[in-house]
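Have a look at the structure below, then the notes.
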Amino acid sequence: MKNKDNMDEMQRGILLRIEETAVNLVFWVLLAAIIIQLLMGQQIRYILGELCAFALLSGYLALSTLRNGLWAVGAAPDRKRNALVSLVPAAVIGAFSFVKAFILSGNGLSGTLLKQLVLTMAATYVGCFLLLEIMRAIQKKRRQKLDDEEE
Amino acid sequence: MIVIAKNLRIKAARAAMDMSQKALAEAVGVSRQTMNAIEQGDYNPTIKLCRAICRVLGKTLDELFWEDDEHEE
């Protein structure tokens with residue numbers, strides 16, 4: 001039952017859970033680090049490494065799950081849920097833009113800036129929702145293909 | 001959800017063959033930690049490992065691993 005790396009099935013399961021926690025940790029810490037650095041006024045070119053690592057990690061997770069016809073643990077792919085979940089990045093981007101434009105830059109609360117903020121949030125919301133819906137369609141198609149495979 | 005109960009039947013079959021947990025673990029190719037977790041009901045082994053345990057202890061899958069419906073929720 002032990003394979004060449006001298007680990008049995010339970011130990012491998014434990015290791016997979018540890019690695020899953022580590023990936024989650026890296027994902028959120030990297031995201032927090034990117035947001036904090038951008039808030040502190042760091043230029044994009046100086047955090048290109050973090051951005052590339054984050055994009056690679058997110059892209060790999062998304063593509064691998066879709067390729068296997070999977071969605072998320074404890075959540076079925078659903079349009080209403082996607083509409084709700086898209087509010088989160090819109091709110092985060094809104095808060096980020098608000099802090100950056102009004103608090104850190106010391107600008108006053110002008111109508112133009114407020115309009116830009118609302119537009120940014122709306123664009124983020126629509127972008128995320130569309131992306132999730134495209135992913136949902138791909139997942140559904142892939143799931144169907146995997147389930148319809150001949151015995 | 002499946003709740004795994006303590007597997008006393010493996011322990012009894014092992015004792016009947018005068019086999020320690022370590023010896024059984026080595027015979028089926030897993031660590032003693034894993035064998036202990038199976039007996040304690042903390043780990044649900046794959047069918048492959050169940051069959052290996054059965055072969056070593058000279059028992060059937062039913063004899064060692066069959067559980068009544070009351071353990072499955």
Side-chain angles (χ1 to χ4, degrees), chain A residues 1-28 57 60-82 84-85 88 132 135-136 139-140 142-151, chain B residues 1-67 71-73:
Chain A
M1 296 297 132
K2 283 185 184 175
N3 49 28
K4 61 183 173 188
D5 56 11
N6 211 30
M7 214 181 287
D8 65 38
E9 56 179 54
M10 188 183 83
Q11 291 167 327
R12 185 158 279 275
I14 293 170
L15 189 66
L16 280 173
R17 280 200 296 278
I18 294 169
E19 286 170 349
E20 184 193 350
T21 307
V23 167
N24 279 329
L25 202 67
V26 167
F27 182 91
W28 292 111
L57 179 65
Y60 176 77
L61 283 172
L63 289 178
S64 304
T65 46
L66 288 181
R67 201 164 63 90
N68 288 287
L70 302 172
W71 193 247
V73 178
D78 172 60
R79 179 167 289 164
K80 273 184 194 166
R81 194 184 167 83
N82 284 349
L84 213 64
V85 165
V88 178
L132 283 173
M135 286 170 75
R136 188 170 71 93
Q139 187 269 346
K140 193 179 171 186
R142 186 72 188 141
R143 177 83 271 145
Q144 199 132 31
K145 194 181 175 215
L146 290 169
D147 286 344
D148 288 347
E149 269 180 9
E150 281 181 35
E151 284 183 32
Chain B
M1 189 183 144
I2 297 170
V3 179
I4 321 167
K6 270 191 181 185
N7 196 321
L8 297 173
R9 281 170 287 180
I10 294 181
K11 198 174 180 176
R14 206 164 44 74
M17 289 179 74
D18 198 23
M19 206 175 197
S20 67
Q21 211 174 44
K22 189 170 184 274
L24 176 59
E26 278 173 5
V28 296
V30 296
S31 64
R32 196 187 155 251
Q33 175 199 14
T34 299
M35 191 48 67
N36 187 44
I38 294 168
E39 287 190 8
Q40 293 302 314
D42 294 333
Y43 175 64
N44 194 4
T46 60
I47 193 78
K48 198 175 168 189
L49 180 52
C50 290
R51 286 173 60 186
I53 294 168
C54 288
R55 265 198 295 273
V56 171
L57 295 177
K59 300 278 183 188
T60 64
L61 277 170
D62 273 6
E63 284 172 322
L64 290 185
F65 294 100
W66 181 258
E67 286 188 353
H71 288 126
E72 292 181 19
E73 286 172 13

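Sequence lines set the chain letters: A, B, ... in the order given, protein chains first and strands last, and positions in each chain run from 1.
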Result block: side-chain N/O donor-acceptor pairs under 3.5 angstrom for residues 57-65 of chain B, not counting sequence neighbours:
from: B:Thr60; atom 1: OG1; to: B:Glu63; atom 2: N; distance (Å): 3.1
from: B:Thr60; atom 1: OG1; to: B:Glu63; atom 2: OE1; distance (Å): 3.3
from: B:Glu63; atom 1: OE1; to: B:Thr60; atom 2: N; distance (Å): 2.8

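Counting non-hydrogen atoms of other residues, nucleotides and ligands closer than 6.0 Å to CZ of B:Arg51 gives a total of 12 or fewer. Residue A:Tyr60 qualifies as open at atom OH: its count of foreign heavy atoms under 6.0 Å is 12 or below. The neighbour count for B:Asp18 CG, taken as heavy atoms of other residues, nucleotides or ligands under 6.0 Å away, does not exceed 12.
Between B:Asp42 atom CG and A:Met10 atom CE the span is 8.5 Å, to the nearest 0.5 Å. Remark: B:Ser31 OG to A:Met7 CE distance equals 10.5 Å, nearest 0.5 Å.
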| Under the side chain to side chain contact (heavy atoms under 4.5 Å, CB included) criterion, do B:Gln33 and A:Ile14 qualify, and how do the steps go? | CA-CA 12 Å; B:Gln33 175 199 14; A:Ile14 293 170; 4.0 Å; yes
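Looking at A:Glu9, its side chain never comes within 3.5 Å of a backbone N or O of B:Pro45 through a donor-acceptor pair.
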